[in-house]
**Q** 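Here's a structure for you.
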2 protein chains.
Amino acid sequence: MARIGLKDVAALAGVSVSTVSRVLRGIPVKDGMAVQVRDAAHKLGYQPNGLAQALRAGKSGTLGLLIPDISNPWLAELASALEEACRLSGIGLILCNSGNRPDQEEMCLDLLWKHRVDGVFLVSVRGQAPASLSERARADWPVVAFDRSYAGPGIDVVMADNVGGAQALVNHLVSIGRRNIAQIVSGTGLAAGIDRRVGVDDALRRHGLRTADLYVGDFSYASGLAGAEHFIGRGAPAIDAIVAANDLMAIGALRHCVESGLEVPGDVAIAGFDDMSISSWTSPSLTTVRQDPELLATAALDLLLSRLDDAGLPPRTVTVPCTLKVRGSTHPGASDQP
Amino acid sequence: MARIGLKDVAALAGVSVSTVSRVLRGIPVKDGMAVQVRDAAHKLGYQPNGLAQALRAGKSGTLGLLIPDISNPWLAELASALEEACRLSGIGLILCNSGNRPDQEEMCLDLLWKHRVDGVFLVSVRGQAPASLSERARADWPVVAFDRSYAGPGIDVVMADNVGGAQALVNHLVSIGRRNIAQIVSGTGLAAGIDRRVGVDDALRRHGLRTADLYVGDFSYASGLAGAEHFIGRGAPAIDAIVAANDLMAIGALRHCVESGLEVPGDVAIAGFDDMSISSWTSPSLTTVRQDPELLATAALDLLLSRLDDAGLPPRTVTVPCTLKVRGSTHPGASDQP
DNA sequence: ATGAAAGCGCTAACAA
DNA sequence: TTGTTAGCGCTTTCAT
């Protein structure tokens with residue numbers, strides 16, 4: 001059974017394909033003609049072939065999003081926000097997940113390219129542009145990256161104010177009397193991790209303090225668990241606060257502390273970065289720095305749409321502010337704030 | 001700057017487009033020709049147009065996945081598993097997220113259809129097939145649904161053994177002495193929720209028990225929180241266990257109990273269904289029934305691939321077994337099992 | 001207002 | 001072995 005095309009509809013309606021095309025595209029035709037054609041189309045269950053349309057038009061009308069790990073709740077929230085922003089603009093969004101594998105990231109870019117998405121939102125695995133991206137750039141493929149280290153010709157960047165957020169967080173910890181602050185940083189090359197560390201170090205310095213202890217994680221729950229174990233594993237902890245470079249690690253650290261019988265925040269305060277919905281589900285709930293997915297998403301979409309309009313635009317970088325969310329893991333009374 | 005096509009490569013290499021096409025497709029040509037052509041292609045930065053290829057071939061070589069909520073960690077894990085399974089088979093997978101809105105679900109199906117994915121994995125918002133699906137089915141669009149209520153012509157179904165899993169869970173609770181078991185069920189029309197309730201009710205009956213109390217949720221964390229509040233809100237709880245239809249609700253219930261100062265599992269045991277990675281991050285970690293994403297994913301892919309091979313296959317339903325995961329929320333000693 | 005025809009970029013059947 | 005050509009299904013001049 002062959003697919004139904006414009007031709008079939010035209011035959012049934014007794015007109016030419018161009019007339020059918022016009023009717024379907026809303027271009028004026030003789031009265032009565034429209035209904036007749038639409039009728040035939042409906043009778044045949046006609047569905048336009050988007051491939052042919054896109055091939056003809058030279059664009060697909062959909063955007064792509066590539067994320068490294070769909071199981072990371074914050075990335076899932078960012079994806080949701082982008083999806084929603086695109087929906088409001090009447091644009092389709094398709095998602096690809098690279099599972100944290102650089103090679104798979106290339107494959108996903110190829111897949112999106114193959115489907116000729118008009119532009120790509122890129123959250124990358126590493127702090128280094130995928131090799132194939134420079135080829136694409138040559139072909140004017142608009143890309144918005146969520147990592148400043150990608151900034152380059154034809155690539156716009158949206159990022160949270162990681163440095164400022166981290167500073168605000170440290171100021172908070174100091175204000176509640178913490179002086180021995182340990183850090184769980186990220187060993188991945190991602191700019192977000194680097195900037196957060198810079199922010200923390202900087203703020204500590206301003207308070208005349210230094211990082212009490214350091215653990216290098218990888219943004220995962222497991223590494224947060226390991227980090228806390230490293231800090232408090234042997235005897236009474238010499239630290240009174242742990243700052244993790246993201247919430248996943250903070251939640252891991254929190255769990256280790258709680259399971260070890262420590263009081264949080266009494267013995268040790270714990271804070272993360274991102275603010276995912278699950279971050280307020282812990283007991284105590286997690287103090288964190290929120291990087292708002294909606295804000296990032298709308299900024300990213302604006303960037304992409306404007307570049308779609310004018311490919312000659314210079315590379316731009318937009319920085320979105322963060323918000324400190326004080327909750328139970330640093331402030332006993334604030335246990336249930338959203 | 002025009003896009004580079006086969007024609008341009010052909011011109012540069014001084015051959016015809018078909019020769020270029022052959023070289024790129026690995027079809028034997030005269031020695032030396034291949035390198036020369038490949039060279040030209042590389043020099044021009046040629047990238048094949050997947051749209052044209054797919055249009056020509058009548059298929060895109062990629063599959064689609066439509067999920068209702070990317071922020072649901074279990075769905076994210078299912079998506080990962082499908083992605084991985086497809087990757088191993090050398091097939092591309094693109095994802096769409098309907099954000100739990102039925103209208104958006106239709107739009108996503110349209111989007112996937114527009115991109116002419118060769119088949120679709122569908123996790124639906126409701127226990128009712130999207131209207132547009134029946135149109136597609138007419139056009140031989142292979143669909144694998146993760147909900148038995150979608151079973152129909154041209155639609156295969158993969159599901160976990162929800163009834164069996166729920167029964168095993170109740171047997172466990174009874175074996176540890178619980179007799180007053182409350183249920184947080186799901187009010188959505190999804191078959192999974194219905195089946196789990198059937199399994200629980202059935203197992204209770206076999207033990208000569210009945211549901212001690214019931215709350216109707218919606219598979220969300222918030223509704224789990226509300227459910228537990230409903231059960232234990234007023235005075236001492238008359239129940240000694242809570243079974244939720246999924247982990248998200250169980251985690252909500254767990255948090256409410258812990259925050260209320262109850263001992264878990266001492267005062268009340270809590271169990272869920274699904275087994276997401278975050279389910280073992282709670283304190284105590286959550287007893288649950290695992291429906292394995294890998295198992296479901298490989299079964300679903302098998303179904304889809306076989307139907308791609310032979311569209312005439314009758315509708316099939318595959319049921320995958322579940323595994324009881326006993327952890328700290330029902331069994332104090334089991335706190336850290338994976 | 002409508003139809004014929006060119007062509008988007010590619011592959012495959014057919015010729016040479 | 002290689003080139004020519006006819007479409008895949010659609011939109012869009014260009015004639016009519």
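Chain identifiers are assigned alphabetically (A, B, ...) following the order of the sequence lines, protein sequences preceding nucleic acid strands; residue numbering begins at 1 within each chain. Just so it is clear, the model here is predicted, and its values are computed rather than measured.
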**Q** Counting any heavy atom closer than 4.0 Å, what does B:Arg25 reach on the DNA or RNA strands: base, sugar-phosphate only, or nothing?
**A** sugar-phosphate
**Q** Mind calculating the distance between CZ (A:Arg116) and C1' (C:dC8) to the nearest angstrom?
**A**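 The distance from CZ of A:Arg116 to C1' of C:dC8 comes to 11 Å, rounded to the nearest Å.
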**Q** Round to the nearest Å and state the distance from A:Lys30 atom NZ to C:dG3 atom C1'.
**A** 13 Å
**Q** Would one find a side-chain N or O of A:Thr19 under 4.0 angstrom from OP1 or OP2 of C:dG3?
**A** yes
**Q** At less than 4.0 Å, is any side-chain N or O atom of A:Lys7 found next to OP1 or OP2 of D:dC10? Yes or no.
**A** no
**Q** Relative to the 5' end of DNA chain C, which residue comes earlier, B:Ile27 or B:Leu55, by the nucleotide with the nearest heavy atom?
**A**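 It is B:Leu55 whose nearest nucleotide is closer to the 5' end.
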**Q** Assign A:Gly58 to base, sugar-phosphate, or nothing according to its heavy-atom contacts below 4.0 angstrom with the strands shown.
**A** nothing
**Q** Rounded to whole Å, how long is the line connecting atom CG of A:Leu6 with atom C1' of D:dT12?
**A** 13 Å
**Q** What is the distance, rounded to the nearest whole Å, between atom CD of A:Gln36 and atom P of C:dA1?
**A**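 The answer, rounded to whole Å, is 17 Å.
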**Q** Taking only Watson-Crick and G-U wobble pairs with both distances under 3.5 Å, what dot-bracket line describes DNA chain D, where [ ] shows pairs that cross earlier ones and | shows pairs with another strand?
**A** |.||||||||||||||
**Q** For B:Ile4 and C:dC10, what is the distance between atoms CD1 and P respectively, to the nearest whole Å?
**A**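 Taking atom P of C:dC10 as the reference, CD1 of B:Ile4 is at 11 Å.
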**Q** Locate the shortest heavy-atom distance separating B:Ala300 from B:Leu82; write the atom from each residue and the value.
**A**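 Answer, listing the atom of B:Ala300 first, then B:Leu82: CB-CD2, 4.3 Å.
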**Q** Atom CG of A:Leu51 to atom C1' of D:dC8: distance rounded to whole Å?
**A** 10 Å
**Q** Considering only side-chain heavy atoms of B:Ser16, which listed nucleotide, D:dT4, C:dT2, C:dG9, is closest?
**A**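 Output: D:dT4.
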**Q** Is atom CG of B:Asp31 surrounded by more than 12 heavy atoms (other residues, nucleotides or ligands) closer than 6.0 Å?
**A**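 Open: at most 12 neighbouring heavy atoms sit under 6.0 Å from CG of B:Asp31.
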**Q** What is the distance, rounded to the nearest whole Å, between atom CG of A:Asp8 and atom P of D:dG9?
**A** 9 Å
**Q** As a test of reading the structure: which of D:dC10, C:dG3, C:dG9 is closest to the side chain of A:Pro48, going by heavy atoms?
**A** D:dC10
**Q** Any carboxylate oxygen within less than 4.0 angstrom of a Lys/Arg side-chain nitrogen, looking at A:Asp39 and A:Lys43?
**A**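 Counted as a salt bridge, because a side-chain N and a carboxylate O are separated by less than 4.0 Å.
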**Q** Run B:Asn72 and B:Phe219 through side chain to side chain contact (heavy atoms under 4.5 Å, CB included) and show every step you take.
**A** CA-CA 10 Å; B:Asn72 177 322; B:Phe219 279 140; 5.8 Å; no
**Q** Roughly how many Å is it from CG in A:Asn49 to P in D:dG9, rounded to a whole number?
**A** 7 Å
**Q** With the side chain of B:Ser18 defined as its heavy atoms from C-beta on, choose the nearest nucleotide among D:dG3, C:dC10, D:dT12.
**A**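 Closest nucleotide among those given: D:dG3.
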**Q** When the nearest nucleotide of DNA chain D is assigned to B:Ala52 and to B:Val29 on a heavy-atom basis, which residue is associated with the more 5' position?
**A**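 Nearest-nucleotide comparison on DNA chain D picks B:Val29.
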**Q** Is there a donor N/O on one and an acceptor N/O on the other, under 3.5 Å, for the side chain of A:Arg22 and the base of C:dG3?
**A**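 Yes, the side chain and the base share a sub-3.5 Å donor-acceptor pair.
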**Q** Just by modelled atom types, is the A:Pro102 backbone N or O under 3.5 Å from a matching donor or acceptor in the A:Arg126 side chain?
**A**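 Judged by distance alone, no pair lies under 3.5 Å.
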**Q** Looking at every non-hydrogen atom in both residues, tell me the closest pair between A:Gln291 and A:Leu296 and how far apart they are.
**A**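 So the two residues come closest at NE2-CD1, 3.8 Å.
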**Q** Look at atom CE of A:Met107 and say whether more than 12 heavy atoms of other residues, nucleotides or ligands are closer to it than 6.0 Å.
**A** no
**Q** Measure across B:Val117 and B:Ser60 and return the closest heavy-atom pair with its distance rounded to 0.1 Å.
**A** CA-OG, 3.5 Å
**Q** Pick base, sugar-phosphate or nothing for A:Pro28, based on heavy-atom distances below 4.0 Å to the nucleic acid.
**A**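 A:Pro28: no heavy atom of the nucleic acid under 4.0 Å.
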